[in-house]
Structures are given as C-alpha cells and as structure tokens.
Amino acid sequence: MSRGTIILIVAIVVILIIAYIACLIARKRNDNLLIALEDRKEDLFNLPVNDEVEAVKSLHLIGQSQVSFREWNQKWVDLSLNSFADIENHIFEAEAFNNSFRFVRAKSAIDSIESQIDLIEEDIAAIRQGLRDLKEQEEKNSGRVKHALDLFDTLQESVRENAEQYGETLPELEKQLKNIEVEFSEFVMLNSSGDPIEAAGILDKTENHMIALNQIMERIPALIEKVTQTFPDQLEDLEAGYRKLVEEGYLFIEGNIEVRFQEIRVAIRENTALIVSFDLDAADSENADIQAKIDHLYKVFTREIDAHQSAAKISKNLPKFLEHIANNTKVLVEETERLSTSYLLAESKQSRIHQLSVKVASLETTVADSIEELDNPQVAYSILEERLEHALTALKEMEEEQLVLADYLKSQEASETNARKQATVYVNKLHVLKRYMEKRNLPGIPDEFLSIFFRASDHVEALLAELDHKRINVEIVNRLLENATFDMGEVEETAYRIVQNAALTEQLLQYSNRYRSSSDSIQKAFNRSLATFEKDFDYQAAFEEISFALETVEPGVTERFVRSYEKTKETIRY
C-alpha cells in the first residue's frame with residue numbers, strides 16, 4: 001500500500017471522527033435546549049391558575065363580570081387541554097429528529113416550540129391578571145362604597161341640619177338625594193350578587209352625582225342669602241331712604257326710581273327660580289347685575305345728598321365773591337372811561353371789560369336764583385351744585401382776567417411817563433454823541449455813523465410826536481420807544497468803534513515810521529492806510545491795512561496798542 005493511500009485513509013478517518021464528535025455536540029446542545037423547554041412548559045403548567053380560577057368562580061359573578069370570567073376561564077381550559085399537549089408532541093418530535101441526527105429539522109422544531117411557549121406564557125399572564133382584576137374590583141368596590149356612603153350621609157345631614165339655608169331649593173335637593181339613594185341600592189344589588197364591574201360603573205356615576213351635588217350645596221347658601229336677606233334688606237333701606245329724601249324735597253336726575261325698585265324685586269324673584277333649578281352660574285351673574293343696580297341707586301341718592309351739602313357750602317361764600325368781582329369790574333369800567341380821554345385803548349381790551357360787565361350781570365341772576373332755589377328746589381341738587389360750581393369757576397377766571405386788564409390800564413400812564421423820560425434822555429444822548437464825534441478832530445465822519453445817527457434821531461422825533469397827540473396810542477409809543485432804544489445803543493457802539501479805529505490807526509501810522517525806510521511793504525501799507533484814513537474816512541479798513549503790515553515785521557504789536565488804548569480810552573459822559 002502506497003504512502004499516499006495511507007495518508008488519504010488517515011485523513012478520512014480523522015474527518016469522520018471530527019464529524020461524529022460535532023454531531024454528538026450538536027445533539028447534546030439540542031438535548032439541553034429541549035430539556036430547558038420541557039422545564040418551562042412544566043413551570044407554566046404547574047402555575048396555580050386553577051386555584052385562582054376557582055377562587056374567582058366562588059364569587060358567583062354575574063353580568064359583565066361573569067362574561068369576563070368565562071372568557072378568561074375558557075382561555076385557560078384551551079391552554080391546559082390543547083396547547084400544553086401540542087407542545088408535548090412537538091418536543092417528542094424534536095427529540096426524534098435530534099436522535100436521528102436531523103439537526104436542521106430539530107433546530108426548526110425547537111425554535112417553533114420556544115415561540116409557542118412564549119405565546120402561552122403571555123396568555124397565562126393575561127389570564128391571571130384578568131382574574132386578579134375581577135377579584136380586586138370587588139374588593140375595591142367594598143372600600144369605595146364606605147367612602148361613598150360617608151359622603152352621602154354627610155350630604156343628608158347637611159340638608160337636615162341647615163334646611164333654612166337652602167330655602168326653596170330644599171325640595172329639589174331632597175329629590176336629588178333620593179335619586180342618589182336609588183343608585184346606591186342598584187350598586188349594592190349588583191355588587192352583592194357578583195357583578196363588581198357593572199357595580200363599579202354604577203358607583204362611579206353615583207360618586208360623580210354626589211360630588212356635583214356637594215358642590216351645588218356649597219354654593220347655594222350664599223346665593224340664597226343674597227336673594228332672601230341681603231338684597232331685600234338693601235332694597236328696603238333704599239326705599240326708606242328714598243321716601244325720606246322725597247319728604248325733604250330732594251329731586252333726582254334719574255327718572256322712574258319707583259320702577260327701578262320694582263325691576264330689582266322682579267330680578268330677585270327670577271334669580272330665585274334660577275337657584276331652584278340649580279342654574280348657579282347664571283344665578284351668580286344675575287346676582288352681580290342686581291347688586292350693580294342697587295349700588296347705582298345708592299350712588300344716585302348719595303350724589304344728591306353730597307350735592308346738597310356742597311351747594312350749601314358754595315352758596316355761603318359765592319355772593320361775597322360775586323360782589324368782589326362786580327366791584328372790580330365797576331372800577332375797570334370807570335378807569336377805562338377816565339383813560340379814554342387821554343389814550344387810545346385797544347378795542348379788544350375795552351370789549352373784554354364790557355363783556356365782563358355783561359357776564360357779571362348774568363352770573364348775579366344765576367347765583368341769586370340758584371341760592372334761592374336751595375330752600376325750595378325745582379331741580380335736583382346735583383344740577384344746582386353744577387350751576388354754582390360753574391359760576392364759581394367763571395368768577396375765578398374773571399378775577400384772573402380782571403388782574404390782566406387792570407395791569408393793562410395801569411400801564412397806560414406808566415408807559416407814557418417812561419416814554420417821555422426816555423425820549424428826553426435820548427435827545428440829550430444824541431447831542432452828546434454829536435459833540436463827542438466832533439471833538440475827535442477826525443478827517444471826516446463815516447457815512448455808517450451818519451446813517452445810524454439820523455435814523456435814531458428820526459425815531460426819537462417820531463416818539464416825541466406820538467406823545468404830543470391828544471389821545472396817545474401806548475402800543476405805538478412802546479413800539480417807537482423800542483426802536484429808538486435799539487438805535488441809541490447802535491449809535492453809541494458805532495461811535496466807540498469809529499473813534500477807537502481812528503485813534504489806533506494814527507498810533508500805528510506813527511509807529512510804522514521806524515520801519516518805513518527799511519521796508520517797502522511797510523511804506524506801501526502806510527500810504528494805502530493813510531489814503532483810506534484821510535480820504536475815504538474808512539478808519540476800520542485803514543487800521544486793518546497798517547496793522548497787518550506791522551504784524552509781519554513785529555508780531556503782537558497790534559494787540560499791545562489795543563490793550564494800551566483800552567486802558568486810556570475816553571468814556572462818553574451823558
């Protein structure tokens with residue numbers, strides 16, 4: 001036998017051994033899986049489901065509870081009789097496949113068995129939970145019923161002990177309690193006969209009814225108190241107050257107050273019906289409306305009482321104040337007549353004074369009538385108060401206007417006196433300014449000064465002419481005085497500026513002599529400045545010409561001369 005043949009035979013033997021070992025391992029693994037599945041099946045089968053079924057069955061359930069129990073029981077019977085036997089058969093079949101080394105089919109069967117056991121496990125869990133729910137529901141009903149009965153007893157006791165607080169709603173409350181009692185009876189019958197699920201539904205409904213009734217009973221006393229005590233008491237108080245006010249002569253802007261009382265009574269009755277029908281939200285809203293109507297009437301009566309007191313208080317001082325305003329107006333009229341002979345008064349001012357006289361006469365009538373009517377009113381006191389307050393406000397405004405008009409009249413003579421005094425001063429100033437300019441010995445007077453001087457003179461003459469009129473217009477006088485005052489200031493300022501520029505130009509021209517021989521620019525500037533000074537009389541231009549030239553050769557020289565001039569310059573003395 002050749003060496004190659006021997007090697008081939010050995011290789012085949014090794015492969016067969018390995019394959020055999022692998023088969024043994026695979027079969028052992030499948031055996032273990034099947035044993036585990038068998039254990040799971042036995043564990044599920046040995047669960048105390050039968051005991052749990054019997055425990056619930058002993059409750060003698062009926063109705064919906066009985067239907068649910070039968071469904072869970074039937075499901076357990078199907079599982080215990082069919083599903084477990086079916087799994088057992090599949091396990092035997094899988095063992096046969098595994099023992100005959102048909103591992104693929106064995107693995108498929110194992111997977112199928114595992115899926116079946118998973119489904120059975122879920123079904124058993126659902127069955128046991130359903131049975132627990134049925135049992136717990138009955139136990140839960142037993143606990144809830146005590147709480148519900150306690151609440152029912154509380155409601156009944158509240159109705160018995162506080163019957164007067166519920167008023168006309170008492171019959172309806174007793175009816176609702178009776179209905180709840182019927183629902184309790186139905187619950188007890190279902191629960192005791194073995195239908196806890198349907199009984200729980202009845203108990204839920206009964207509890208909801210009790211909770212709702214409890215909420216209603218909590219709200220009713222306050223509503224009943226409003227319509228049976230608060231509102232009637234307030235209405236009685238209003239009616240008594242109204243009768244007393246009418247006896248005292250009070251009148252009211254609001255009409256048909258008696259009708260308002262009747263409307264409130266009707267609203268109270270209608271709201272009582274809403275409360276009896278348990279339409280409490282609408283009753284709350286209606287109560288708010290009724291209270292608003294009552295409060296409004298209180299405000300109406302209080303307003304008239306306050307108005308009476310206020311009107312009486314105003315009436316004590318108003319006549320004296322009116323007399324004061326009338327006297328002031330009379331004085332203004334007399335002063336106007338006196339001043340009109342000497343002054344042209346503004347038409348607007350005279351018109352306002354006349355209007356004040358007319359208004360005073362009108363207010364005298366209004367105030368007198370209103371005060372007289374306080375003792376025997378023909379209208380509501382609030383109207384009288386409004387009239388008197390309006391009159392008082394009008395008098396205060398008139399007093400303020402009288403002060404303005406009085407100041408205007410006083411200003412006529414004062415303005416004339418001031419204007420005459422200023423005109424005399426300005427005439428004197430013009431003469432002094434003229435002499436001041438003449439004494440400067442200037443080559444000539446610039447046209448700028450002459451123009452301003454003659455304009456100021458014209459304005460002063462116009463002012464004097466206006467003051468010579470038989471009847472002086474003070475407004476025109478003040479305007480002319482303002483113009484003259486402005487002109488006099490400008491004349492004086494111009495005079496100072498011209499004299500300063502002329503004096504500084506002369507000083508700088510003399511100072512420039514030290515540079516003229518050595519500087520052509522200084523010489524030329526000197527010639528131009530001198531010509532402008534002597535021929536054109538433009539002293540400012542002449543000053544700027546020579547100043548600029550000197551600054552180029554001696555910076556700061558102009559400022560030095562200016563400071564020196566300001567220390568020694570002559571002041572115009574009027």
Salt bridge [X]-[Y], side-chain N to carboxylate O under 4.0 Å:
| X | Y | answer |
| --- | --- | --- |
| K396 | E400 | no |
| R497 | E448 | yes |
| R479 | E482 | no |
| E247 | R243 | no |
| R352 | E401 | yes |

For the side chain of [X] and the backbone of [Y], is there at least one donor-acceptor N/O pair under 3.5 Å apart?
| X | Y | result |
| --- | --- | --- |
| T302 | Y298 | yes |
| S351 | E347 | no |
| Q350 | L345 | yes |
| N327 | E323 | yes |

Looking only at the side chains, is there a donor atom on one of E254 and H296 sitting less than 3.5 Å from an acceptor on the other?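 Distance-only check passes for E254 and H296.
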
Do Y426 and Q422 have side-chain N/O donor and acceptor atoms under 3.5 Å apart? yes

In this structure, which one of R303, H308, Q309 forms a side-chain hydrogen bond (donor to acceptor under 3.5 Å, both in side chains) with E385?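 The side-chain hydrogen bond (donor to acceptor under 3.5 Å, both in side chains) with E385 is passed solely by R303 among R303, H308, Q309.
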
Would F301 and F252 count as a close aromatic pair, with their ring centres under 6.0 Å?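 Here the rings of F252 and F301 have centres that are less than 6.0 Å from each other.
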
For S315 against A312, the heavy-atom pair lying closest together: OG-O, 2.6 Å

